[in-house]
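The first residue of the sequence shown is numbered 1, and numbering continues consecutively from there. The figures here come from the full heavy-atom set of this structure, side chains too, leaving out hydrogens, waters and symmetry mates.
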Amino acid sequence: MAQVSAQVSAQGADHAVTLDTLSVDGAGGRPSASGADAGGPVGPVRGYTATRSVVGTKTDTPILETAQSISVVSRKQIEDQNALTVNQALRYTPSVTTEQRGGSGSTRLEQFLIRGFQAPLFLDGMRLPGNRDAGPSVDPFRLERVDIIKGPASVLYGQSGPGGIVNLVSKVPSFVRHGEIFIQGGDYNTVRGGVDVGGPIEGHSVLADQFAYRIIAAGWNADGPAKTTSIERSFINPSVTWRPSADTSLTVIGLYQRDPYSGYYGALPAKGTLFPSNFGVANGPLGRLPRNFYDGDPNIERSDRTQASATYIFDHRFDDGIRVHSSGRFLRTLGDYRSLYDSTKNNLGWGGRFLNRSMGGTNVAIDAFTNDNNLVANFETGPIAHTVLVGLDHQTLYTKTYGTPFVDAPSLDLLNPVYGVEASFPAFSGHTDITSQQTGIYFQDQLKIDRLTLTLGGRYDWASQTGPTRDLAGKVVSSQDAPSEAFTGRASLLYLFDSGIAPYVSYSEAFEPLVSGQIYNGNPTFGRLPDPITSRQFEAGVKYQPPGTDILLTAAAFDIKRQNSLSPDPVPGRQTFSVQTGEVSVQGVEFEARANITENLTVIGGFSLIDAVNSAGTSKTLNETTGQNVELLGLRPIQVPDTTVSLFGNYQVRTGLFAGLGFGGGFRYLGGSQGDAANSIKVPANLVVDAVASYDFSYLSPNLKGVQLQVNAQNLLDETYVQSCAFQAWCWYGAPRTVLATLRYRW
């Protein structure tokens, strides 16, 4: 008996509607993949091993047959590791570096690097706006899975960096009744709870057959790891699916979320964290600041965010092998930001006791409209089977920002910190009203001859950023008008052997528009706008899925260049101009294993080795230790670890005396990284251990079916370490040990 799942169109960034599982006798031939994913390429994943994803092709393609590195973080992994943020959900993904602002700052923004570069965040295939002060934050309880594509992805997703993208996939309605409620508590006065209920809309047979709903809601209240800071969140996320037939579905998703407090966004000096200090006491003992030290002030600190959105996802399959997909979202976010932070200069030569500080803030409103439409056609021309994708997407982003100047604030005595300062916060001095737009058309053909797959794709984008910056009297101080166009391409070749081994090679490109700077073109006053930053990647790898197993192994080597970054024009008399010679090169290798070894045991693991360097350009930076300007050429970018290694497993006992008990854990190793642009300080490597234990109460009594208790310990050994530094005044500790217990009931 072979299990097959009938689904409505699973292409694009859509959500496949999974129908009842059918049993088919005598299914001949080896499937492309194990078919373990009950929810298809965007739905639920069994255990830790996804076999299908749309993130790499926007079509329903097995990961084994996608010629680029793809990782999928499943719902089970999110729960087993008790990931409270997207940052935490990505911790065990090779080549992905999370929590650049340390453990204390990871609750505010979804910031991470992929293969050494900042990466954009997408939700259901559509880009989320990145903004420090009003950027939307996505709670993992809303998510079914997280799909990561590594390497340039502009052909399918438009402007993005060379490292890759992260696509978050929402939970959506199911035509099977279900429910879940949980409550959680533990360290840092954490109280967190949520509910997730849904199923067919009953009361009328037509409604039950065609309509399903889902309501997700949660709240979170906790103290931040930095003293006097706090975290508070609440959201409600309703959705409904209309499925008039097996070929058509429409899902509408709503969201309202409040984050009145978002933890910590400050930083601590290298002297006193990365390096010991006597804090200005002559002949005093050397020491380091405690991990919960706070450089700001509760009278000033503020991060109050509100977001609301409405999303639709529509899919239809025609009888002749053509499928159409359309999705769109309107998102509005509001952010009220105030900060008082470390601004000490010449950090290693500073006395070490009184921390200079600055303060400022913004009030930001964002309206974002995103839309993606595509068509997939499957047909054959002789021996070649084609899967052709044609699409059009668009995004418009309106951002209104009121901002203050950043002014000096009272210094902080590190040996005797006093909080509750009565400082006069600067008034708003100006505002910007910026409109950013991008429209792209894209094409892709996956040509398959027997077990050989050739994928060719291309895209053309038109992007712009316009709008004035005004003072509060209404006078225009400056105005942006930065249009840009770019073509990006992609090509790959993969061969799938009967043994489940699939070697591949691929080439992919990305672009990022530049909205400031001028290039000299003969006019001594006005130059031309810069070309977009471009990126390209060569990747070669091999994937292996032993037939009949839920094991997926991936190994890859890659070479990335990010070009056209601005550098100062070296020609005398052109100080106001730039040249586009800046380049960053990254070479690396990575390996990932995801395995549902048995019904009892699930394991993930991997490593990456990355060599990143500024390989061209004329830019210089200040070496704070020597006071000299040094060339960036040949130096390494900040916060990019040379090595990552991770391993995590979970085992469930199902028979015997300890039936119902689950236990597991893992470790995360982060190699050393540069702590400033001049490479004058280096952050050492660190190793963190996590652990989990759980008990399924149904083994104790059938009346307790669905009840589970789980305890997670992150940083079990309470390792004290510096996660990263941006320069000598700004370093961040990793998260301290955090133990949380979760009581969950499912029905």
Side-chain angles (χ1 to χ4, degrees), residues 15 39 43-45 73-90 106-108 110 123-124 136-146 168-174 176-199 212-224 230-241 251 253-263 305-309 311 662 692 694-697 704-712 714 738-747:
H15 290 276
V45 175
V73 179
S74 67
R75 177 78 235 154
K76 177 172 171 55
Q77 181 184 336
I78 292 171
E79 291 180 358
D80 286 354
Q81 296 175 347
N82 192 36
L84 305 186
T85 65
V86 171
N87 265 290
Q88 293 181 10
L90 296 173
S106 67
T107 56
R108 183 169 295 192
E110 330 289 16
L123 176 62
D124 300 319
S137 183
V138 179
D139 194 286
F141 189 57
R142 293 167 48 193
L143 302 179
E144 190 64 67
R145 55 195 276 173
V146 180
L168 311 175
V169 181
S170 297
K171 294 177 178 176
V172 293
S174 165
V176 177
R177 181 161 299 282
H178 66 90
E180 174 185 351
I181 187 170
F182 80 91
I183 187 168
Q184 183 178 85
D187 285 341
Y188 302 101
N189 296 314
T190 297
V191 177
R192 187 169 170 260
V195 60
D196 176 2
V197 296
Y213 76 96
R214 192 165 193 166
I215 298 175
I216 306 167
W220 181 13
N221 192 291
D223 294 335
S230 60
I231 302 164
E232 186 175 324
R233 166 177 293 171
S234 59
F235 73 84
I236 184 168
N237 182 203
S239 58
V240 61
T241 290
T251 297
I253 306 171
L255 172 73
Y256 179 79
Q257 180 170 316
R258 285 280 290 119
D259 293 88
Y261 301 98
S262 303
R305 292 177 296 172
T306 302
Q307 59 180 300
S309 66
T311 303
V692 58
S694 62
Y695 186 73
D696 183 345
F697 283 86
L704 296 176
K705 181 180 179 180
V707 179
Q708 182 196 50
L709 176 66
Q710 178 174 309
V711 178
N712 287 84
Q714 298 180 355
T738 306
V739 180
L740 298 175
T742 306
L743 183 63
R744 180 178 284 111
Y745 172 53
R746 285 195 174 103
W747 65 93

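- Taken to the nearest 0.5 Å, the CG atom of D80 stands 7.5 Å off from the OG atom of S694.
- Summarising the geometry, atom CD belonging to E144 is positioned 8.5 Å from atom CD1 belonging to I78; distances are rounded to the nearest 0.5 Å.
- Note that the OH atom of Y188 and the OG1 atom of T738 stand 5.0 Å from one another [nearest 0.5 Å].
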- Would H178 and R214 count as a side-chain contact (heavy atoms from CB on, under 4.5 Å) if you check the C-alpha gap in whole Å, the side-chain angles of each, and the deciding distance to 0.1 Å? CA-CA 9 Å; H178 66 90; R214 192 165 193 166; 3.5 Å; yes
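- Within the 3.5 Å criterion, the main-chain N or O of G263 finds a donor-acceptor partner in the side chain of R108.
- Within the 3.5 Å criterion, the main-chain N or O of S137 finds a donor-acceptor partner in the side chain of Q257.
- Atom CZ of R142 is separated from atom CG of L255 by 4.5 Å, given to the nearest 0.5 angstrom.
- Smallest separation of non-hydrogen atoms from D187 and T190: O-OG1, 2.7 Å.
- Across every non-hydrogen atom of Q88 and L84, the tightest pair is OE1-N, 3.0 Å.
- Atom OH of Y261 sits in a sparse spot, with 12 or fewer heavy atoms from other residues, nucleotides or ligands closer than 6.0 Å.
- Shown here for E79 and Q710, the closest heavy-atom pair between the two residues is O-NE2, 2.8 Å.
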Set out, in order, the CA-CA distance, both residues' side-chain angles and the distance that settles side-chain contact (heavy atoms from CB on, under 4.5 Å) for V739 and V711, then state yes or no. CA-CA 7 Å; V739 180; V711 178; 4.0 Å; yes
Exercise. Between N82 and V692, does a side-chain contact (heavy atoms from CB on, under 4.5 Å) hold up when you go through it step by step?
Worked result: CA-CA 9 Å; N82 192 36; V692 58; over 6 Å; no
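- The two residues V197 and Y213 have their closest heavy-atom pair at O-CE1, 4.0 Å.
- E110 and V138 make their closest contact through OE2-N, 2.9 Å (heavy atoms, listed as atom of the first residue, atom of the second, distance).
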query = Do F182 and Q708 pass the side-chain contact (heavy atoms from CB on, under 4.5 Å) test, and can you show the C-alpha distance, the side-chain angles, and the key distance before you say yes or no?
reply = CA-CA 9 Å; F182 80 91; Q708 182 196 50; over 6 Å; no
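- Donor-acceptor pairing under 3.5 Å is recorded for the side chains of T306 and R258.
- Note on E180 versus R75: no salt bridge recorded, every NZ/NE/NH1/NH2 to OD/OE distance being 4.0 Å or above.
- Rounding to the nearest 0.5 Å gives a distance of 7.0 Å between CG of L743 and CZ of F697.
- Looking at T107 and S262, their side chains never bring a donor and an acceptor atom within 3.5 Å of each other.
- Looking only at distances, no side-chain donor or acceptor of S170 sits under 3.5 Å from a matching main-chain atom of V172.
- The shortest non-hydrogen separation linking L143 to K171 is O-CE, 3.5 Å.
- Between the side chains of Q714 and N712, not a single donor N or O lies within less than 3.5 Å of an accepting N or O.
- Considering CG of N237 and CD1 of I216, their distance stands at 4.5 Å, rounded to 0.5 Å.
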